[in-house]
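The analysis underlying the following values was restricted to heavy atoms, covering all of them including side chains, and did not include hydrogens, waters or symmetry mates. Order of the sequence lines fixes the chain letters, A, B, ..., with proteins taken first and strands second; residue numbering starts at 1 for each chain. Only a predicted model underlies this, so the values are computations on that prediction, with no experimental measurement involved.
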2 protein chains.
Amino acid sequence: MPRAKLRTPALRQHLLSQAVDLLAEEGWAGLTARALAGRAGTSPPALYELFGDMAGLARALSAEGFARLGAELAALRETADPVADVWTLVAAYRRFVRGNRALAEVMFSRPFPAFSPGPDELAPAAPVRSLVTQRVRRCIEAGRLRGDESDVAQVLVALVEGMAFAEVAGRLGASTEPVERRWRLAVGTLLNGLAVPPL
Amino acid sequence: MPRAKLRTPALRQHLLSQAVDLLAEEGWAGLTARALAGRAGTSPPALYELFGDMAGLARALSAEGFARLGAELAALRETADPVADVWTLVAAYRRFVRGNRALAEVMFSRPFPAFSPGPDELAPAAPVRSLVTQRVRRCIEAGRLRGDESDVAQVLVALVEGMAFAEVAGRLGASTEPVERRWRLAVGTLLNGLAVPPL
DNA sequence: ATCGTTTCAAAACGATGTTACAGATAATGG
DNA sequence: CCATTATCTGTAACATCGTTTTGAAACGAT
């Protein structure tokens with residue numbers, strides 16, 4: 001008896017994709033319910049049925065961002081040098097933040113949860129974290145780094161995010177040269193400090 | 001001829017102080033022009049005369065946050081061990097972010113400037129940075145660390161901010177033990193990597 | 001005491017997130 | 001073939017936000 005439903009998971013995906021583009025073009029301030037609905041050829045209430053509210057859209061955007069970041073990281077091929085692979089991983093992470101500033105802002109600078117970020121909040125980032133952990137594990141197993149793989153991966157990601165946000169905020173230097181130099185110093189020093197000391 | 005002016009720098013300071021408290025109590029979403037004006041016993045237009053717009057209030061809040069952070073860091077006394085002083089500096093930085101989450105969010109996660117953050121944007125953070133640089137310089141002059149003091153300070157701050165934000169976002173672990181362990185690992189590894197190798 | 005200038009806060013305006021509502025639509029039963 | 005009805009849809013309404021306009025209040029000068 002009812003009419004055909006338009007507010008399907010397919011429309012949700014389309015809205016999400018358009019939201020990513022709109023976010024990149026206009027920033028978070030330009031990502032309004034009306035603008036997104038109009039751009040996607042639907043109406044605001046559809047947005048609310050599919051995402052709950054704008055915070056739900058932000059969560060979905062964050063998950064989408066982690067999915068894209070995970071895909072980019074997973075596309076990196078392993079070489080014979082596991083430490084060099086960590087460098088390329090860092091470069092890809094950095095490239096992602098630089099190429100998707102507003103999206104990265106939504107992913108990382110999310111308004112802090114009340115007290116505990118439920119498992120659902122961390123789940124989208126899990127593949128990315130496990131990928132980083134895996135690359136770190138290879139270094140440890142090869143004897144190039146030492147420490148707990150999970151701890152090392154967490155610290156590495158924190159350093160990279162801190163550096164990437166400082167860079168896009170313009171706090172790391174105006175010209176490209178000091179920025180590159182500080183990136184090399186940051187990653188090189190951390191890896192150096194984690195390396196087994198050359199007896 | 002005119003009547004006495006109420007929208008003075010003193011009122012601006014009072015508004016700023018109330019804004020810090022309101023931000024801590026209600027978060028950024030609760031910091032509305034009407035709420036702040038009502039709390040401070042004035043009206044929205046006063047806010048606009050003193051701060052321009054809400055973005056101007058955010059900039060002023062950021063500057064106030066850096067001033068408070070700078071004061072807390074400057075209150076730390078130097079000891080004979082410059083490296084230990086860096087550890088206490090990091091601890092104070094971390095304590096500030098944990099104790100002023102919303103304010104720190106405004107300070108560090110500010111919406112990215114168009115392309116270059118004008119000198120006025122960086123100025124409030126300058127004292128903090130120079131203080132960190134100074135503590136780093138002591139380590140270098142004492143032969144405990146090596147490298148360019150400015151570069152090292154930048155990297156150290158990026159690591160601390162990355163770690164602090166991961167912590168308050170709940171990404172660094174649920175219980176206190178792994179969080180503390182990862183903090184020790186992060187700072188210890190960086191300082192270790194920067195240390196002059198024990199010939 | 002009145003005027004003129006300056007300053008203030010109340011109210012108005014557009015836009016936002018969100019929700020209630022009335023029209024539109026398609027399968028079914030006559 | 002048409003009416004019914006259950007459901008889905010987009011329009012329009014609501015409250016609130018940032019921001020600006022505006023009329024009234026206040027004080028020195030005449």
Which whole-number value in Å describes the distance from [X] [atom1] to [N] [atom2]?
| X | N | atom1 | atom2 | answer |
| --- | --- | --- | --- | --- |
| A/Y48 | C/dA20 | OH | C1' | 14 Å |
| B/R3 | D/dA26 | CZ | C1' | 5 Å |
| A/F51 | C/dG17 | CZ | P | 14 Å |
| A/D53 | C/dT16 | CG | P | 17 Å |
| B/L57 | D/dC17 | CG | P | 15 Å |
| B/R39 | C/dA9 | CZ | C1' | 21 Å |
| B/L31 | D/dC17 | CG | P | 11 Å |
| A/E49 | C/dG17 | CD | P | 18 Å |

Quiz prompt | N-O pairing of B/R68 and B/E72 below 4.0 Å | solution =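 Salt bridge absent between B/R68 and B/E72.
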
Quiz prompt | Side-chain ion pair, B/E26 and B/R39, N-O less than 4.0 Å | solution =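 Here B/E26 does not pair with B/R39 in a salt bridge, since their nearest N and O are not under 4.0 Å apart.
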
Quiz item: Does the pair B/L76 and B/D85 meet the rule for a side chain to side chain contact (heavy atoms under 4.5 Å, CB included), with working shown?
Solution: CA-CA 8 Å; B/L76 300 175; B/D85 287 351; over 6 Å; no

Residue pair [X] / [Y], side-chain heavy-atom distance below 4.5 Å:
| X | Y | result |
| --- | --- | --- |
| B/V155 | A/T189 | no |
| B/L73 | B/R135 | no |
| B/R59 | B/E121 | yes |

Donor-acceptor pairs are to be reported for all side-chain atoms of residues 159-168 of chain B against protein atoms at under 3.5 Å, with residues two or more places apart or in another chain.
| unit_1 | atom_1 | unit_2 | atom_2 | d |
| --- | --- | --- | --- | --- |
| B/E161 | OE2 | B/Y93 | OH | 3.2 |
| B/E167 | OE1 | B/R94 | NE | 2.9 |
| B/E167 | OE1 | B/W183 | NE1 | 2.9 |
| B/E167 | OE2 | B/R94 | NH2 | 2.9 |
| B/E167 | OE2 | B/R98 | NH1 | 2.9 |

Exercise. May I ask you to evaluate whether A/R7 reaches the phosphate of D/dT9, defined as a side-chain N or O under 4.0 Å from OP1 or OP2?
Key: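 So the side-chain polar atoms of A/R7 do come within 4.0 Å of the phosphate oxygens OP1 or OP2 of D/dT9, strictly under.
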
Self-check item: Short side-chain N/O contact to D/dT9 OP1/OP2 from A/K5, under 4.0 Å
Solution: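 Indeed, a polar side-chain atom of A/K5 lies that close.
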
Practice problem: Just report the end-to-end axis angle for the helix from C/dA1-D/dT30 to C/dG30-D/dC1, five pairs per end, to 10 degrees. | Solution: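 So the angle between the two local helix axes works out to 40°.
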
Practice problem: Give a yes or no answer on whether the side chain of B/N192 reaches the backbone of B/G188 with a donor-acceptor pair at less than 3.5 Å. | Solution: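 It does not hold such a pair.
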
Exercise. Starting from the 5' end of DNA chain D, give me the residue, B/A4 or B/G52, whose nearest nucleotide shows up first.
Key: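 Final value for this comparison: B/G52.
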
Quiz item: Under 3.5 Å, is there a donor-acceptor pair between the A/S150 and B/R182 side chains?
Solution: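 Side chains of A/S150 and B/R182: pair found under 3.5 Å.
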
Practice problem: Classify every nucleotide of nucleotides 11-16 of chain D by which part a protein heavy atom approaches to under 4.0 Å, writing B for the base, S for the sugar-phosphate alone and - for neither, in 5'-to-3' order. | Solution: B-B---

Quiz item: So which one's nearest nucleotide on DNA chain C is more toward 5', B/T42 or A/M54?
Solution: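 The 5'-side residue here is B/T42.
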
